[in-house]
Amino acid sequence: MKPGVGWAMAPTVTIVLLFGPILAGLIGTILPAFGGLRADGSNAFSVDPWRQLMVEPGVWTAIWLSIKTGVVSTLGALAGCFLLIAGWHDTRAFRMMERVLSPLLSVPHAAAALGLAFLVAPSGWLARLTTPWLTGWDRPPDLLILNDPGGWTLILGLLSKELPFLLLVSLAALPQIRAAQSMRVTQALGYGKVRGWVLAVMPSLYAQVRLPVYAVLAYAMSNVDIAVVLGPSRPPPLAVLVLQWMTDPDLGLRAQAAAAALVQLVLVVAAIAMWRCGERFAAGLATRAVESGDRGVGARDYASRGVGLGIAMLVGGIVFSGLFAQSVWSFAGRWRFPEALPDSFTLMAWARHGGSVLDVTLVTLALAFSTAFIALVLVIGCLETEIRRGKTVGKTALLTIYLPLILPQIAFLPGLQILLLHIGAARGIVPVVFAHVVFVLPYVFLTLAEPFRSLDSRYATLGATLGVSETGALWRIRLPLLLSPILTALAVGMAVSVGQYLATLLISGGRVSTLTTEALALFSGGDRRAIGVWTLALTGAAWLPFAIALVVPRLVYRNRGEMRHG
Amino acid sequence: MGDRGLVLDQLAIRYADGTPLLSISAEIAPGHVLSLMGPSGIGKSTVLAAITGTLPSAFRCDGTIALNGRMLNGLPPQKRRVGILFQDHLLFPHLSVGQNIGFGLPKGTPNRSDQVHGALTEIGLAGFADRDPATLSGGQRARVALMRMLLSKPEALLLDEPFSRLDIGLRAQVRSLVFERARSARLPVLMVTHDAADAEAANGQIISLPMQNGQSLPL
């Protein structure tokens with residue numbers, strides 16, 4: 001084989017691995033929704049699945065919940081993120097928030113959701129801290145704060161995971177659009193911080209983060225892992241309904257699950273289309289605002305800055321107090337309501353669950369590592385091919401990378417499961433690995449692309465003039481120089497895999513347990529000590545690779561001054 | 001002069017869309033220096049990229065490049081045997097000083113470490129093999145980069161403003177070391193610079209860019 005041919009195949013393999021499962025899944029969803037792939041082996045066109053779906057009690061409420069929680073939480077996260085940057089960028093408070101919020105990004109969704117549940121449940125920490133002096137309760141109240149029918153707790157939970165994500169992608173885009181210079185200009189012209197930012201920086205920033213915003217919107221509308229914990233239950237949002245029908249012992253429900261999954265897909269596509277119209281409308285408003293010449297200084301400026309910081313602090317507060325509450329519960333001895341703290345601390349829960357937690361942690365990490373490693377090799381192959389061909393991929397390719405993040409998982413994973421069951425391939429861990437790759441690879445690519453592309457190309461020129469081959473330049477120059485970003489990309493990929501719920505549950509048919517599936521399965525049981533132990537292990541498993549990615553380059557390059565700063 | 005040395009025959013660089021950037025013809029005999037002068041942004045460095053075979057995809061080049069009678073056009077960069085020094089010296093930050101020096105030694109070179117130590121001794125850096133390149137001064141880095149390039153046994157030397165980051169006193173010293181080494185190794189040298197003192201010290205032919213009517217002006 002000619003050297004380099006192997007790498008040149010990476011883009012093709014990547015496309016196949018990303019879109020093969022998605023296409024297969026969509027086919028596997030569409031067919032049963034119209035009478036195909038039945039459990040008894042028969043096939044015939046029929047609209048019965050749709051008829052069943054329409055008469056299912058609560059289905060319209062479920063659809064409405066999906067739209068409402070998705071759109072409201074995305075708007076809230078975007079507003080919070082932009083107001084925080086607008087009002088506080090380049091201040092000490094901002095750098096502190098940045099440091100606080102970035103580790104939150106890797107807290108798995110399920111762990112964050114369970115953390116919030118620990119706070120707002122009727123006998124949760126908030127109730128304990130305010131009882132009886134504020135509330136007058138003497139026992140846990142019969143209040144639906146958690147799982148409220150309106151979905152507001154779900155919205156809060158979604159917001160607290162989405163805001164750190166949007167903040168991170170915005171911060172990565174800011175240097176490219178020369179935000180700092182624009183801000184100096186608007187302030188010199190007498191504009192308030194927030195108004196100046198909104199008029200001068202936000203339009204170009206938004207253009208940079210549009211795809212991540214769509215991904216957030218799609219996720220918020222169609223997620224399961226947060227909704228099963230925090231969302232209403234009668235009825236739940238549509239995606240949860242799909243999952244319930246897919247995992248029901250009655251195989252007859254799968255057809256209507258497939259139909260509902262298609263509805264979910266249409267909802268997300270329609271919502272993104274509506275969002276685009278909203279973008280135009282907002283742009284029109286902004287143009288008029290610019291022409292009005294209003295400077296937006298004084299009280300309004302302070303107020304909007306306050307809102308931005310407030311939302312960000314709320315988010316940080318929620319996730320960290322959730323983690324803290326889980327730790328306290330996992331070590332709690334006797335803990336009566338409404339005591340704010342347990343009477344005693346004990347290792348009993350850790351001793352009881354430690355063994356099985358350790359086993360599942362190892363499975364989870366092994367699955368995460370295999371997935372992230374496959375993704376990493378492919379991503380390096382794609383980026384290396386770019387360098388050798390001398391051109392970076394265009395906008396279409398970026399959309400390709402984002403598509404698996406924008407398409408709702410619930411729209412094609414059930415179909416993939418039906419298809420795998422149909423051909424008898426739904427066994428073992430291998431299909432799960434490849435299902436994870438679909439969602440892990442985009443994040444690995446997005447993390448590694450910038451450092452890989454911006455590496456000084458003169459190093460490779462030097463290598464070539466010193467007689468090193470292209471492959472040699474990769475192994476001896478590029479990869480060692482990029483050790484730190486490569487390990488970070490691997491850690492990001494592993495964290496994404498650790499957090500996968502649907503892809504594990506559906507594709508393995510419930511036969512592969514990870515920390516996420518176990519923690520969520522325990523939730524209905526309500527044993528808070530056990531949930532505390534499992535979710536802490538879950539967050540730990542997501543953080544561990546980041547710790548390694550931080551420490552290893554420092555050890556390897558402890559004598560290399562220029563390598564220690566990434 | 002025959003076919004020894006570096007010969008650029010109507011080397012023309014243009015943008016991928018056809019817009020011409022510059023063209024140049026030159027013969028550089030072994031041990032001689034040709035200085036290519038002009039303000040920054042004029043495309044001087046693309047000439048060097050065309051010779052090393054690493055022209056960015058936004059550019060194309062026509063004409064021929066020959067080195068000691070070998071046509072370089074179409075050869076991969078690794079096969080051209082052309083050494084280059086950049087202004088930042090670009091020691092590989094992940095390798096030690098010794099590993100940097102030995103980087104260009106062919107696989108299976110006997111007495112690898114002897115050669116590395118010999119090279120370090122020659123430039124007054126004996127005992128520096130295990131040092132972190134980040135701890136070296138600018139002049140030391142320049143010398144290490146020079147020896148790294150020489151140990152790979154190039155047949156020509158390209159200089160991309162290699163002295164412009166050094167302070168004045170050091171600049172003359174490093175400059176004369178580089179020219180002296182290139183002369184004693186009988187290497188044809190093509191230097192890109194915007195500093196007239198560099199070109200003067202090179203004591204050779206000078207081509208000044210931009211060109212008029214497609215012709216470079218002799219200084």
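Proteins get letters first, then strands, A, B, ... in listed order; numbering begins at 1 in each.
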Check: L483(A) and H94(B) side chains under 4.5 Å, non-hydrogen atoms: no
Within the supplied structure, the quantity of interest is the number of heavy atoms (other residues, nucleotides, ligands) at a distance under 6.0 Å from R554(A) CZ; does it exceed 12? no
Heavy atoms, side chains only, cut-off 4.5 Å: are F86(B) and D456(A) in contact? no
If I measure from the heavy atoms of chain B, does Y557(A) come under 4.5 Å with its side chain, its backbone, both, or neither? side chain
Any side-chain heavy atom of M563(A) within less than 4.5 Å of one from P93(B)? yes
Would you say R70(B) has more than 12 foreign heavy atoms packed within less than 6.0 Å of its CZ? yes
Just wondering, more than 12 heavy atoms not from F373(A) lying within 6.0 Å of its CZ? no
Under 4.5 Å from any heavy atom of chain A - which part of L48(B): neither
Atom group of S96(B) that falls short of 4.5 Å from chain A, counting heavy atoms: both
What residues of residues 142-155 of chain B make heavy-atom contacts with chain A at a cutoff under 4.5 angstrom? R148(B), M149(B), S152(B)
Once rounded to the nearest 0.5 Å, what's the spacing between atom CG of L95(B) and atom CD1 of I477(A)? 8.5 Å
Would you name the heavy atoms of F92(B) and L466(A) that are closest together and state the gap between them? CE1-CD1, 4.4 Å
Is any side-chain heavy atom of P77(B) less than 4.5 Å from a side-chain heavy atom of E470(A)? no
Lys/Arg-Asp/Glu bridge criterion (N-O < 4.0 Å) met for E562(A), R141(B): yes
Side-chain contact test, heavy atoms from C-beta onward, threshold under 4.5 Å: evaluate it for R476(A) versus F103(B) and give yes or no. yes
Within a radius of less than 6.0 Å around CD of Q181(A), do more than 12 heavy atoms belonging to other residues, nucleotides or ligands occur? yes
Enter the distance from T465(A):OG1 to L85(B):CG here, rounded to the nearest 0.5 Å. 8.5 Å
State whether the number of non-hydrogen atoms from other residues, nucleotides or ligands found under 6.0 Å of D130(B) atom CG is greater than 12. no
Any salt bridge linking R458(A) with D160(B)? Criterion: basic side-chain nitrogen under 4.0 Å from a carboxylate oxygen. no
State whether the side chain of N559(A) and the backbone N or O of D132(B) hold a donor-acceptor pair below 3.5 Å, judged by distance alone. no
Which heavy-atom pair separates L462(A) from H89(B) by the least distance, and what is that distance? CD1-O, 4.4 Å
Tell me if the CE atom of M96(A) is crowded by more than 12 foreign heavy atoms within 6.0 Å. no
